[in-house]
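Read the structure below first, then the notes.
Note that the coordinates shown come from a computational prediction; the quantities given were computed from them, not determined experimentally.
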Amino acid sequence: MMVALDGTIVAIANPAIQKDLGASFADVQWITNGYFLALAVSLITAGKLGDRFGHRQTFLIGVTGFAAASGAIGLSSSIAAVVTFRVLQGLFGALLMPAALGLLRATFPAEKLNMAIGIWGMVIGASTAGGPILGGVLVEHVNWQSVFFINVPVGVIALILGLVILLDHRAENAPRSFDLLGIGLLSGAMFCLVWALIKAPAWGWGDGKTWAFLAAAVLGFALFAFWETKVKEPLIPLGLFRSVALSAGVVLMVLMAIAFMGGLFFVTFYLQNVHGMSPIDAGLHLLPLTGMMIVGSPLAGAMITKLGPRIPLAGGMASVAIAMYGMSTLETDTGSAVMSIWFALLGLGLAPVMVGATEVIVGNAPMELSGVAGGLQQAAMQIGGSLGTAVLGGVMASKVDSDLPANWKAAGLPELTPSQLDQASEAVQVGVAPVAKGTPEAIAAKIADVAHDTFISGMSLASLVACGVAVVAVFVAFLTKRGANADAGAGVGHI
């Protein structure tokens with residue numbers, strides 16, 4: 001809950017942090033980017049640490065470190081300290097996420113594993129979607145520091161309960177050595193990939209720096225794959241990917257995250273900047289999405305146990321595709337009831353995918369690699385989220401850039417210089433009307449209409465692209481199957 005919540009809750013706090021600490025826009029971006037970078041780069045290595053030393057230990061260290069880093073952010077008085085502790089938060093979060101999945105896999109027998117992962121998925125989904133609501137309440141009624149302080153009591157409770165309840169399960173043939181070069185190559189490749197995706201909207205997709213980092217990522221992954229065939233105990237045995245079901249589960253997780261995170265990214269701007277809602281109101285409008293994920297995840301777990309993952313996964317992605325198509329039809333004056341239908345359908349579709357793809361990845365991996373498999377699952381989700389935000393952001397930017405000049409001219413507004421047009425385009429991409437101070441009311445209203453209509457056209461195209469991604473994922477879902485190694489769960493290597 002802590003790790004997922006901190007992925008989205010901070011977005012609401014960023015304006016208050018910027019004002020309080022006198023930070024620049026680039027500094028504030030690093031509050032989010034530093035966290036996601038550290039998390040994405042470290043997940044698979046952290047999963048390996050759990051396989052090697054036991055998931056209970058890595059989970060408890062992760063919980064303690066995450067809570068301590070959160071408290072330190074709340075006490076920070078400079079933006080540099082906030083960013084530093086956010087990176088530490090990401091590193092400790094990477095320790096506890098795969099360990100949580102490894103513990104579930106080791107504790108529950110096959111017939112109960114899906115329900116356990118269903119409850120886990122419910123918490124992840126509810127925390128991700130509920131972050132903006134809780135963040136809005138805390139920032140509005142307490143202060144931005146409370147967004148981070150809230151993790152401290154949660155971490156203390158988790159640590160105490162973990163020490164009392166969690167058992168140390170270790171596979172008998174767990175890895176005994178570390179693939180240090182493999183860790184370096186994979187971490188470097190992941191850094192270059194996520195960094196390129198984070199910076200692409202600012203640099204531009206055609207920029208040499210973007211392509212240089214993407215090329216470095218491809219080279220890093222190629223060298224990593226080559227090295228893994230040579231080392232005695234590889235970080236990720238490439239034989240894992242001989243399992244078509246596991247590979248399909250990883251791809252499915254990426255595609256799901258592209259559609260979900262990319263779509264959610266624009267919805268918050270749509271609600272706050274086009275409809276003029278407060279952060280709390282915007283969060284409340286997303287309750288149908290959160291609610292359906294909470295209700296749907298345990299139900300999905302039960303359904304997957306009964307039917308296997310194929311049909312629920314394909315049905316879930318079909319539901320996501322329909323929801324994204326529905327979101328492409330939203331207008332500036334669309335009512336809450338219509339929005340709620342599409343948000344609820346999105347939550348209902350995401351629930352079986354979050355649960356099913358996780359079970360497919362973790363259940364099809366050998367018991368001694370359950371931590372690495374958990375890291376793979378989480379890394380796929382982080383990369384998909386970054387990819388969704390970057391690619392759909394690029395689609396939005398290009399649509400706004402192409403439509404805004406004509407829409408501006410058609411409304412009879414004063415002509416803009418190229419630099420003014422660039423500034424206006426940047427504002428419109430997040431649904432903000434570029435109205436200068438002292439603009440007459442009638443002209444300001446026209447500018448707002450043009451800005452919102454242009455934003456809607458961009459969001460509509462981005463939602464259609466997300467819909468297409470979800471349709472591809474429907475076909476990928478048919479390549480999955482029940483975890484072949486799930487029966488190796490409870491009781492193996494119990495210490």
Side-chain angles (χ1 to χ4, degrees), residues 1 4-20 28 31-32 125-150 260-296 323-324 326-348 350 389 392-393 396 427-435 444-445 447-449 451-456 458-460 462-463 466:
M1 185 186 78
L5 195 67
D6 270 60
T8 55
I9 195 173
V10 178
I12 299 292
N14 279 343
I17 297 172
Q18 183 177 16
K19 189 177 177 184
D20 190 32
V28 171
I31 296 172
T32 299
S127 305
T128 302
I133 305 173
L134 183 58
V137 171
L138 290 173
V139 172
E140 211 165 296
H141 297 291
V142 191
N143 52 33
W144 68 261
Q145 287 92 341
S146 62
V147 166
F148 299 101
F149 284 141
I150 195 171
F260 173 41
M261 299 301 282
L264 201 62
F265 182 71
F266 294 116
V267 166
T268 51
F269 291 130
Y270 171 72
L271 294 173
Q272 289 187 47
N273 296 339
V274 175
H275 277 271
M277 295 180 191
S278 70
I280 295 176
D281 282 344
L284 289 172
H285 273 74
L286 288 171
L287 272 178
L289 167 65
T290 316
M292 291 313 290
M293 288 191 80
I294 291 170
V295 172
M324 295 314 298
M327 283 162 68
S328 77
T329 66
L330 295 177
E331 299 288 346
T332 52
D333 57 353
T334 301
S336 298
V338 175
M339 281 189 259
S340 295
I341 291 169
W342 302 126
F343 296 160
L345 199 59
L346 181 60
L348 195 62
L350 289 168
T389 306
L392 297 184
M396 163 67 89
V428 172
Q429 283 167 32
V430 291
V432 173
V435 179
I447 292 172
D449 287 343
H452 293 160
D453 287 342
T454 308
F455 171 84
I456 290 290
M459 187 177 85
S460 178
S463 298

Can you confirm whether [X] sits close enough to [Y] that some side-chain heavy atom of one is under 4.5 Å from a side-chain heavy atom of the other?
X: Leu138; Y: Trp144; answer: no
X: Tyr270; Y: Met327; answer: no
X: Leu289; Y: Leu350; answer: yes
X: Ile447; Y: Pro434; answer: yes
X: Asp20; Y: Gln145; answer: yes
X: Phe148; Y: Ile17; answer: yes
X: Gln429; Y: Met459; answer: no
X: Asp281; Y: Leu271; answer: no

Taking every non-hydrogen atom, the tightest pair across [X] and [Y]:
X: Met339; Y: Leu330; result: CG-CD2, 4.0 Å
X: Thr334; Y: His275; result: O-CE1, 3.2 Å
X: Ala444; Y: Val435; result: CB-CG1, 3.7 Å
X: Leu392; Y: Ala462; result: CD2-O, 3.5 Å
X: Phe455; Y: Met396; result: CE1-CE, 3.5 Å
X: Met324; Y: Leu346; result: SD-CD1, 4.1 Å

Exercise. Between the main-chain N or O of Ser460 and the side-chain N or O of Ser328, is there a donor-acceptor pair closer than 3.5 Å?
Worked result: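 Side chain of Ser328 to backbone of Ser460, a donor-acceptor pair under 3.5 Å: no, none is there.
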Exercise. Rounded to the nearest 0.5 Å, how far apart are OG of Ser340 and CG of Leu345?
Worked result: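 Nearest 0.5 Å value for the OG-CG distance: 12.0 Å.
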Problem set entry | NE2-OG distance between His285 and Ser336, expressed to the nearest 0.5 angstrom |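 Reported to 0.5 Å precision, the distance equals 3.0 Å.
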